[in-house]
Protein chains: 2
Amino acid sequence: MLIEIDFNSSEALYMQLRNQIILGIARDMLRDGDSLPSVRQLASELGVNMHTVNKAYALLRQDGYVKLDRRNGAVISVSLENRSYQVESIHSDMEMIVAQAICKDISLNEMQKLVQDMYDAFSARQTSIDIIVEEKE
Amino acid sequence: MLIEIDFNSSEALYMQLRNQIILGIARDMLRDGDSLPSVRQLASELGVNMHTVNKAYALLRQDGYVKLDRRNGAVISVSLENRSYQVESIHSDMEMIVAQAICKDISLNEMQKLVQDMYDAFSARQTSIDIIVEEKE
DNA sequence: CCTTTGTTATATTCATGCTATAACAAAGGA
DNA sequence: TCCTTTGTTATAGCATGAATATAACAAAGG
């Protein structure tokens with residue numbers, strides 16, 4: 001799967017990394033049991049520090065997307081245990097998006113179509129085996 | 001209308017302020033032509049620095065929610081000029097939310113119901129005249 | 001005149017992001 | 001047994017951004 005890092009973005013590198021992994025899971029390019037590169041390996045390929053990758057992995061574990069152990073490295077494992085916390089986070093994020101949409105005269109139908117199109121797009125994804133690293137300029 | 005500021009939140013104060021104003025507009029508590037408190041007055045009531053409020057106001061102007069002039073202060077004025085930029089921002093934000101939702105087994109129907117409920121909630125709001133300031137602990 | 005408005009400038013303090021280097025225990029392979 | 005690799009932790013340094021503190025300015029209005 002593809003990991004894109006934009007060094008010119010104002011978004012933190014570890015946050016970009018976390019988001020890319022979550023997108024990969026949603027697109028079914030990363031499945032339960034799949035291994036992620038080790039923190040040192042991925043850091044080396046991306047050209048960032050080890051701790052930056054480690055921070056992303058620790059965040060993904062905290063939010064229930066991967067499990068980390070010393071022998072297998074980081075392994076995809078989506079947990080539904082603390083789902084209520086995740087759902088609450090999604091709610092508040094969605095509230096701000098809907099508020100902006102209403103202000104900018106985006107109708108309910110437009111928004112629901114947007115959500116549906118995104119669900120379709122995520123479901124229609126292909127699968128790739130290797131993790132390819134790509135950096136934006 | 002009510003402005004809540006959480007000093008313990010990890011979210012920047014000026015960003016919280018910006019979001020609260022946008023929520024106020026979406027709830028129809030703030031309408032086109034309504035005046036916001038001056039940067040100094042609101043800063044004084046909230047107990048924050050003048051520049052923090054000024055930063056939020058400048059951001060709101062940049063995103064087309066208010067107009068600022070020297071005589072009337074900040075006035076609500078939702079612009080649909082640079083809408084394409086706003087829509088693009090909404091799209092990328094929504095993409096991450098949907099990705100997380102798919103990972104956490106939230107169905108398309110659940111998400112669309114969530115969007116609809118939020119549209120309903122925003123439309124069913126009452127109106128208040130004064131701007132009341134409230135700080136979280 | 002005087003006040004208030006947004007705006008700009010400078011400086012300081014503090015938190016965060018990122019890097020650099022190092023070391024540790026645990027597991028697996030040769 | 002030795003070596004490598006794994007995640008993890010610790011410490012330090014640097015850069016950036018957030019927030020504050022003062023100060024000053026032009027423009028508008030009473």
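These numbers were taken from a predicted model, which means no experiment stands behind them. In the text below, chain A, chain B and the rest are named by the order of the sequence lines, each starting its count at 1.
- Proximity note for N49(B) (side chain, C-beta onward) versus dT20(D), dC18(C), dT8(C): the nearest is dT20(D).
- Residue contacts for A74(B): at a heavy-atom cut-off of 4.0 Å it reaches the sugar-phosphate backbone alone, with no base atom in range.
- Scanning both residues, A26(A) and C103(B), for their nearest heavy atoms gives N-SG, 3.8 Å.
- When rounded to the nearest whole Å, the span between CD of Q41(A) and P of dT4(D) equals 17 Å.
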*Might you work through the side-chain contact (heavy atoms from CB on, under 4.5 Å) test for I3(A) and I21(A), ending with a clear yes or no?*
CA-CA 8 Å; I3(A) 294 187; I21(A) 304 290; 4.2 Å; yes

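- Taking 4.0 Å as the cut-off between side-chain N and carboxylate O, K104(B) and E88(A) do not count as a salt-bridged pair.
- At a threshold of 4.0 Å, the pair D63(B)-R18(B) counts as salt-bridged, since one of the basic side-chain nitrogens sits closer than that to a carboxylate oxygen.
- When each of R40(B) and K55(B) is assigned the nucleotide of DNA chain D bearing its nearest heavy atom, the one mapping closer to the 5' terminus is K55(B).
- A sub-4.0 Å separation between OP1 or OP2 of dA18(D) and a side-chain N or O of T52(B) is absent.
- Side-chain atoms of H51(A) come within donor-acceptor range of the base of dT9(D), with a qualifying N/O pair under 3.5 Å.
- Within 4.0 Å (heavy atoms only), D69(A) reaches sugar-phosphate atoms of the nucleic acid but no base atom.
- Along DNA chain D, the nucleotide nearest M50(B) and the nucleotide nearest L68(A) are compared for position; the residue whose nucleotide lies closer to the 5' end is L68(A).
- Regarding Y14(A), its OH atom lies at a distance of 7 Å from the P atom of dC18(C), rounded to whole Å.
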_Audit row: Q16(B), E4(B), side-chain contact (heavy atoms from CB on, under 4.5 Å) steps and yes/no_ = CA-CA 8 Å; Q16(B) 292 185 46; E4(B) 284 184 353; over 6 Å; no

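- A sub-4.0 Å separation between OP1 or OP2 of dT5(C) and a side-chain N or O of S38(B) is present.
- The interatomic distance linking N54(B) (CG) with dA23(D) (P) rounds to 19 Å, in whole Å.
- When distances are taken from the side chain of V39(A) to each of dT19(C), dT20(D), dT8(D), the shortest belongs to dT8(D).
- Separating the CG atom of L42(B) from the C1' atom of dT20(D) is a distance of 16 Å, rounded to the nearest angstrom.
- The interatomic distance linking E11(B) (CD) with dA18(D) (P) rounds to 12 Å, in whole Å.
- Rounded to a whole Å, the CZ atom of F7(A) is 15 Å from the P atom of dT16(D).
- For I5(B) and dA19(D), the CD1 to C1' distance is 13 Å, given to the nearest whole Å.
- Look at dG17(D): its Watson-Crick or wobble partner, with both distances under 3.5 angstrom, is dC14(C).
- Between the P atom of dC18(C) and the CG atom of L17(A) lies a distance of 10 Å, rounded to the nearest Å.
- Pair assignment for dA27(D) gives dT4(C), based on Watson-Crick or G-U wobble hydrogen-bonding distances that are each under 3.5 Å.
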